[in-house]
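Just so it is clear: chains get the letters A, B, ... in the order the sequence lines come, proteins before strands, and each one is counted from 1.
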There are 2 protein chains.
Amino acid sequence: MSTTQGARARARIEVTAAIKDEARRQLAAEGAAKLSLRAVARELGMVSSALYRYFPSRDDLLTALIIDAYDSVGEAAETAHAEVADAGVLLRWTAVCEAVRGWALAHPHEYALIYGSPVPGYVAPETTVPPAARVALLLIGIARDAQRAGMLAEPPLPADLHAEAERMVADFAGDLPPAVAVALVAAWAELYGLVSFELFGQFRRVVEDREAFFRYAVRRLALGVGLADV
Amino acid sequence: MSTTQGARARARIEVTAAIKDEARRQLAAEGAAKLSLRAVARELGMVSSALYRYFPSRDDLLTALIIDAYDSVGEAAETAHAEVADAGVLLRWTAVCEAVRGWALAHPHEYALIYGSPVPGYVAPETTVPPAARVALLLIGIARDAQRAGMLAEPPLPADLHAEAERMVADFAGDLPPAVAVALVAAWAELYGLVSFELFGQFRRVVEDREAFFRYAVRRLALGVGLADV
DNA sequence: ACAAAAAAGAGAGCACCGCTCTTGCATTGG
DNA sequence: CCAATGCAAGAGCGGTGCTCTCTTTTTTGT
């Protein structure tokens, strides 16, 4: 049982969580670049070297935060989607996209950590892949439902992408038409372009009504994928 | 005359350039996070404190590199566009977008510097705005030419964006239809979503034929803005 | 032409960083 | 009960951005 696994193991779990919490606090306050192991340790009343019992390096701590961030945005998107699960595909698509944007605005530094410049020299371990895929899976699911309901118009697909499209379908798109799979990947990347530009300040003096603009852009993305209107 | 302005001023320009060159070298090699004033000074055979005569802080050096990067990608896009200036609007659009992607792949760390996570606590000074706008101005120009040639189909525009769209037109879109201006801004952001996802590794195990995929996605963007086919 | 002023480099030093290693103490499992 | 393990602490290494002072060199004003 997990209750009988000894005080030491319990303490380890708690300390690990405390470190991540404090690190997340500093991340939110100052950004990834200013996340300092020494400062985390100081705040927790321990000495910096003690942290290395829990995270072998600063990058490993960052990796843990990255995975948590992917899970956090994934969960936010899933929750938002569940609330409109019975609505039309366009509304569900919009809900997911707006959840991503809302999470990004609420956690800018965590967003930057996962969708901004990669930490130099740092390569994301395979463990980050499943959490990172959660939002994409939602979008795929919506497209699938649309197809099942006959509300999916197949966009055109250039000849030189047929093979690539077939591979995508086989890899992760299940029973979607190849043209939709490719369009979906493009829309997925474009969605994060919109969020990143808003968050990273490129929309300053360009877009004022960010909500309305995002709603519009996201709807365009949905139509581009083939999701039927209303 | 600039030749009579004294040896000191000449030397200052040269040293400033040398510092930026060496900094850019380190930036390309290791990324912005590992750019070290001391290392730059060491490589240049000066002492670290001497650098502060030229750049008051590390962030100011970064700002200089940011402006240069914007100019660099802007120039790359302008050059590529000039080479196909007489072709159709769709081809010109594609040329600009592919120039951006090519530049990004060739200068990943500089790209990350300007389109990745902003440096924490750092706010871009107004001086960065004109260089940052160069690519966008190209895209606007293409849309304008298309309109003048009657090859621009006006996309739909939701009612709650009319005011926003009018403002955009007044601010930077000249004589474009409001609906096109808004769509253009969206496409502009989406373009960088595509490039960023490829560059930052989100396409790993997702997109294999990156060139073909990008060509396809960029063409979709152009059509979405209303640029007529062929 | 010469003195005053401005600019630039050198060096020492401060406070911080990530990370390593060794040393003791506490907990745990056989 | 006791040896093995886990863990915190401390000292220390090499690095960082940045400041301050001191000296030398160049420019400038009279």
Side-chain angles (χ1 to χ4, degrees), chain A residues 1-20 22-23 25-27 29-66 113 119-123, chain B residues 1-20 22-23 25-27 29-66 109 113 118-123:
Chain A
M1 293 290 280
S2 65
T3 52
T4 68
Q5 67 186 359
R8 186 160 254 167
R10 292 181 77 78
R12 173 163 252 280
I13 291 172
E14 272 173 34
V15 174
T16 306
I19 292 172
K20 283 208 291 184
E22 176 56 31
R25 258 204 58 252
Q26 293 195 13
L27 184 69
E30 300 274 12
K34 299 216 172 154
L35 205 183
S36 139
L37 284 186
R38 291 181 115 110
V40 171
R42 208 180 302 128
E43 212 66 27
L44 261 51
M46 34 167 66
V47 89
S48 74
S49 58
L51 278 196
Y52 287 83
R53 300 268 176 202
Y54 298 89
F55 296 94
S57 80
R58 183 180 178 275
D59 277 7
D60 289 272
L61 176 52
L62 271 179
T63 299
L65 295 179
I66 286 173
L113 191 62
V119 183
Y122 168 86
V123 277
Chain B
M1 294 293 280
S2 65
T3 51
T4 67
Q5 68 184 359
R8 184 159 253 169
R10 292 182 76 78
R12 173 164 252 279
I13 291 171
E14 273 172 31
V15 174
T16 306
I19 292 172
K20 285 209 289 186
E22 176 58 31
R25 259 205 56 252
Q26 293 195 15
L27 184 68
E30 301 274 10
K34 300 217 172 155
L35 205 183
S36 142
L37 283 187
R38 291 181 113 108
V40 170
R42 211 179 300 130
E43 212 66 27
L44 261 51
M46 30 169 60
V47 90
S48 74
S49 59
L51 275 196
Y52 287 82
R53 301 274 179 204
Y54 298 89
F55 296 94
S57 78
R58 183 180 177 275
D59 277 7
D60 289 271
L61 177 53
L62 272 179
T63 299
L65 295 179
I66 286 173
H109 287 116
L113 192 62
V119 182
Y122 168 86
V123 277

Participant: Taking only residues two or more places apart in sequence or in another chain, which ones pass side chain to side chain donor-acceptor pair (under 3.5 Å) with A/Ser57?
Facilitator: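 A/Ser57 satisfies side chain to side chain donor-acceptor pair (under 3.5 Å) with A/Asp60 once adjacent residues are dropped.
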Participant: Give me, pair by pair, the N or O atoms of the protein and of nucleotides 6-9 of chain C that are less than 3.5 Å apart, along with how far apart they are.
Facilitator:
unit_1 : atom_1 : unit_2  : atom_2 : d
C/dA7  : N3     : B/Arg8  : NH2    : 3.2
C/dA8  : OP1    : B/Arg12 : NE     : 2.7
C/dA8  : OP2    : B/Arg12 : NE     : 3.2
C/dA8  : OP2    : B/Arg12 : NH2    : 3.1
C/dA8  : N7     : B/Arg53 : NH2    : 3.4
C/dG9  : OP1    : B/Tyr54 : OH     : 2.9
C/dG9  : OP2    : B/Tyr54 : OH     : 3.2
C/dG9  : N7     : B/Arg53 : NE     : 3.2
C/dG9  : N7     : B/Arg53 : NH2    : 3.4
C/dG9  : O6     : B/Arg53 : NH2    : 2.6

Participant: With rounding to the nearest 0.5 Å, note down the distance linking CG in B/Leu27 to CG in B/Leu35.
Facilitator: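 Rounded to the nearest 0.5 Å, the CG-CG separation comes to 5.5 Å.
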Participant: Can you tell me how far apart OG (B/Ser36) and CZ (B/Arg58) are? Round to the nearest 0.5 Å.
Facilitator: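 Reported value, rounded in 0.5 Å steps: 8.0 Å.
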Participant: Just the rounded figure in Å: distance from P of D/dG17 to CD1 of B/Ile19.
Facilitator: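 Nearest whole value for this atom pair: 13 Å.
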Participant: Go through D/dT16, C/dC19, D/dG10 for me and flag the one nearest to the B/Arg42 side chain.
Facilitator: D/dT16
Participant: Hey, could you give me the CG/OG1 distance between B/Asp59 and B/Thr63, rounded to the nearest 0.5 Å?
Facilitator: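 So the CG of B/Asp59 and the OG1 of B/Thr63 are separated by 6.5 Å.
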Participant: Name all residues meeting the salt bridge (charged side-chain N to carboxylate O under 4.0 Å, His left out) criterion together with B/Arg25; count only those two or more places apart in sequence or in a different chain, and write none if there are none.
Facilitator: B/Glu22
Participant: What is the nucleic acid contact for B/Ser57, judged by heavy atoms within less than 4.0 Å: base, sugar-phosphate only, or nothing?
Facilitator: sugar-phosphate
Participant: What's the closest nucleotide to the side chain of B/Ser49 if the choices are C/dG18, D/dC20, D/dC18?
Facilitator: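 So the side chain of B/Ser49 is nearest to D/dC20.
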Participant: Under 4.0 Å, heavy atoms only, any strand: does B/Leu44 hit a base, just the sugar-phosphate, or nothing?
Facilitator: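 Touches nothing.
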Participant: When the nearest nucleotide of DNA chain D is assigned to B/Pro56 and to A/Arg38 on a heavy-atom basis, which residue is associated with the more 5' position?
Facilitator: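 So the residue in question is A/Arg38.
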Participant: Can you list every pair that meets side chain to side chain donor-acceptor pair (under 3.5 Å) and has a residue in residues 11-20 of chain A, with sequence neighbours left out?
Facilitator: A/Lys20-A/Asp68
Participant: Could you go through residues 40-56 of chain A and list every donor-acceptor pair under 3.5 Å that involves a side-chain atom there, pairing it with any protein atom two or more places apart or in another chain?
Facilitator:
none

Participant: Rounded off to whole Å, could you give me the OH-to-P distance for the A/Tyr52 and C/dC17 pair?
Facilitator: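 Those two atoms, OH and P, are 11 Å apart.
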Participant: Find the bend of the helix from C/dA1-D/dT30 to C/dG30-D/dC1 as the angle between its two terminal axes (five pairs each), to the nearest 10°.
Facilitator: 10°
Participant: Side chain of A/Arg58 only, heavy atoms from C-beta on: which candidate in C/dC19, D/dC18, D/dT19 is closest?
Facilitator: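 Selected nucleotide: C/dC19.
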Participant: Could you state the atom-to-atom distance from CD of B/Glu30 to C1' of D/dG15 in whole Å?
Facilitator: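 Distance check: B/Glu30 CD to D/dG15 C1' gives 14 Å.
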